[in-house]
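Just below is one structure, and these are the notes that go with it.
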Number of protein chains: 2
Amino acid sequence: MHTPEQFTTLLRTRGYRVTAQRLAVFRALAAAGHHLTAEEVYERVQQTLPAIALTTVYKVLHELVALGEVRRVELGDASARFDPNTSPHAHLVCQRCRHTEDLPPSDYHVGLPVIAARGFQIVNQAVVFYGLCPRCQAASADD
Amino acid sequence: MHTPEQFTTLLRTRGYRVTAQRLAVFRALAAAGHHLTAEEVYERVQQTLPAIALTTVYKVLHELVALGEVRRVELGDASARFDPNTSPHAHLVCQRCRHTEDLPPSDYHVGLPVIAARGFQIVNQAVVFYGLCPRCQAASADD
DNA sequence: CTTGGTGCAAAGCTTTTGCATATCA
DNA sequence: TGATATGCAAAAGCTTTGCACCAAG
């Protein structure tokens with residue numbers, strides 16, 4: 001994810017208009033620093049742009065994905081998440097409380113040898129580890 | 001996933017009633033051998049049990065998940081999939097045509113050192129490789 | 001018989017679409 | 001000014017829920 005200034009330039013370069021809505025959605029995600037649902041983005045953007053529509057948030061999020069500014073992530077919930085961290089990383093999700101943490105590539109390992117890829121040209125991968133976070137393990141011990 | 005006979009016993013053991021709907025949903029997945037959407041299960045079950053309701057299919061699928069007979073899988077589509085293969089495996093998904101293949105653990109590998117798990121107790125993991133299948137690569141070359 | 005299961009209809013949620021209005025360039 | 005973006009409302013798609021009727025044990 002770029003800076004708001006770079007993003008503005010990127011929009012112009014790609015023929016998109018620079019609108020308050022696009023900047024606000026971009027800023028909300030940049031400020032959050034981690035993946036948010038469309039609804040969460042909407043709530044945050046409303047604080048600076050009360051008239052924005054949820055529909056617009058969805059449209060802008062798709063544009064951000066197309067522009068490579070944001071990555072769509074599915075973590076097993078009803079709603080998708082939009083992640084300003086576009087560098088490769090995995091997620092750690094607590095099955096009980098849904099608490100989620102990012103895992104940098106240095107913390108885990110995934111490998112698919114080309115020979116095992118059945119001729120697929122891999123462009124992307126989603127890795128999610130599900131389990132119990134420390135807090136919920138403690139809570140379970142009480143049961 | 002067990003045999004229909006073992007499944008019948010399992011139902012009784014757990015206090016579930018043995019119904020035609022439960023057996024039919026179980027058999028549809030066992031026969032398919034790979035993950036199906038609820039709708040796909042519904043279509044198949046209708047062939048032997050035309051009066052079954054989609055609602056019932058959903059309820060039974062949840063029971064099968066709870067019983068550990070089936071695993072819920074999300075592959076980035078609108079609908080969830082229910083996989084009769086409950087042993088660990090990853091998926092290979094074509095981003096263009098959505099063709100999907102199973103990857104046995106011998107074909108790939110994932111690792112999360114305990115020390116990197118931030119205290120989480122990992123019980124599960126979802127690994128999906130996205131890319132272009134051989135056929136779609138050939139189609140792309142034409143563009 | 002009695003409890004649990006099924007089917008139907010309706011609702012819930014997230015996400016998308018169509019269209020008139022507003023806005024950027 | 002002219003094309004694009006926004007907002008609103010409505011719809012679409014998947015899944016869940018409430019409830020009366022039915023069936024397994």
Side-chain angles (χ1 to χ4, degrees), chain A residues 4 7-28 35-46 48-67 69-83 98, chain B residues 4 7-28 35-43 45-46 48-67 70-83 98:
Chain A
F7 176 60
T8 300
T9 304
L10 179 65
L11 286 177
R12 291 219 167 84
T13 306
R14 300 294 193 85
Y16 289 90
R17 288 188 183 167
V18 178
T19 65
Q21 289 84 345
R22 286 185 174 134
L23 290 174
V25 169
F26 180 93
R27 286 210 185 88
H35 51 73
L36 300 177
T37 62
E39 194 71 42
E40 286 165 344
V41 171
Y42 179 52
E43 288 165 10
R44 293 174 188 221
V45 170
Q46 277 185 310
T48 56
L49 216 65
I52 197 171
L54 179 57
T55 302
T56 304
V57 171
Y58 273 106
K59 284 175 191 157
V60 174
L61 287 172
H62 289 323
E63 293 167 358
L64 293 180
V65 171
L67 290 168
E69 291 293 306
V70 150
R71 201 164 148 167
R72 188 193 183 100
V73 176
E74 318 248 0
L75 262 24
D77 293 307
S79 26
R81 297 238 164 29
F82 297 86
D83 199 334
R98 305 310 293 180
Chain B
F7 176 60
T8 300
T9 305
L10 179 64
L11 285 176
R12 292 220 167 84
T13 306
R14 300 296 194 85
Y16 290 89
R17 288 185 184 170
V18 177
T19 65
Q21 290 84 344
R22 286 184 174 136
L23 290 174
V25 169
F26 179 93
R27 287 210 184 88
H35 51 74
L36 300 177
T37 62
E39 196 72 40
E40 287 167 344
V41 171
Y42 179 51
E43 288 165 9
V45 170
Q46 276 185 312
T48 56
L49 216 65
I52 196 170
L54 178 56
T55 302
T56 303
V57 172
Y58 273 105
K59 284 175 190 158
V60 174
L61 287 172
H62 289 321
E63 293 167 358
L64 293 180
V65 171
L67 290 168
V70 151
R71 201 164 149 165
R72 189 192 183 102
V73 175
E74 319 249 359
L75 261 25
D77 293 307
S79 27
R81 298 240 164 27
F82 297 86
D83 198 334
R98 305 310 296 180

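Across the protein-nucleic acid pair, A:Leu54 atom CG and D:dC8 atom C1' stand 12 Å apart, rounded to whole Å. Rounding to whole angstrom units, OH of residue B:Tyr58 and C1' of D:dT15 are separated by 5 Å. As rounded to whole Å, 16 Å separates atom C1' of D:dT16 from atom OH of B:Tyr42. Straight-line distance from the CD atom of A:Gln46 to the P atom of D:dC8: 10 Å, rounded to whole Å. Remark: P of D:dG25 and CZ of B:Arg17 are 7 Å apart, rounded to the nearest angstrom.
Under the ring-ring contact (aromatic ring centres under 6.0 Å, His included) criterion, A:Phe82 pairs with no residue at all, not counting sequence neighbours.
For D:dA5, the base has no donor-acceptor partner in the side chain of A:Arg22 [N/O atoms by modelled type, under 3.5 angstrom]. Taking only distance into account, the side chain of A:Thr55 meets the base of D:dA9 through a donor-acceptor pair shorter than 3.5 Å.
First and last contacts of DNA chain C with chain A, using any nucleotide atom under 4.0 Å from a protein heavy atom and ordered 5' to 3', fall at C:dT14 to C:dA25.
Looking at A:Tyr16 and A:Leu67, their side chains come closer than 4.5 Å, going by heavy atoms from C-beta outward. Using a 4.5 Å cut-off on side-chain heavy atoms (C-beta onward), A:Arg72 and A:His62 make contact. A heavy-atom distance below 4.5 Å is found between the side chains of B:Val18 and B:Arg12. At least one side-chain heavy atom of A:Leu54 sits under 4.5 Å from a side-chain heavy atom of A:Glu39.
Map A:Leu49 and B:Arg81 each onto its nearest nucleotide of DNA chain D; the residue landing nearer the 5' end is A:Leu49. For B:Val18 and B:Glu39, each mapped to the nucleotide of DNA chain D holding its nearest heavy atom, the one lying further toward the 5' end belongs to B:Glu39.
A donor-acceptor pair is defined here as one N or O able to donate and one able to accept, closer than 3.5 Å; such a pair exists between the side chain of B:Glu40 and the backbone of B:Thr37. Formation of a donor-acceptor pair under 3.5 Å by the A:Arg71 side chain with backbone atoms of A:Val65 is not found in this model. Counting only distance, with no hydrogens or angles, the side chain of A:Thr56 and the backbone of A:Ile52 share no donor-acceptor pair below 3.5 Å.
The nucleotide whose nearest atom lies closest to any side-chain atom of A:Thr19 is, among D:dT6, D:dA24, D:dG18, D:dT6. Closest to the side chain of A:Tyr16, from the set D:dA5, D:dG7, D:dG25, is D:dA5.
From one end of the helix from C:dC1-D:dG25 to C:dA25-D:dT1 to the other, with five pairs defining each end axis, the axis direction shifts by 30° (rounded to 10°).
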Derivation and outcome, side chain to side chain contact (heavy atoms under 4.5 Å, CB included), residues B:Val70 and B:Asp83: CA-CA 5 Å; B:Val70 151; B:Asp83 198 334; 5.7 Å; no
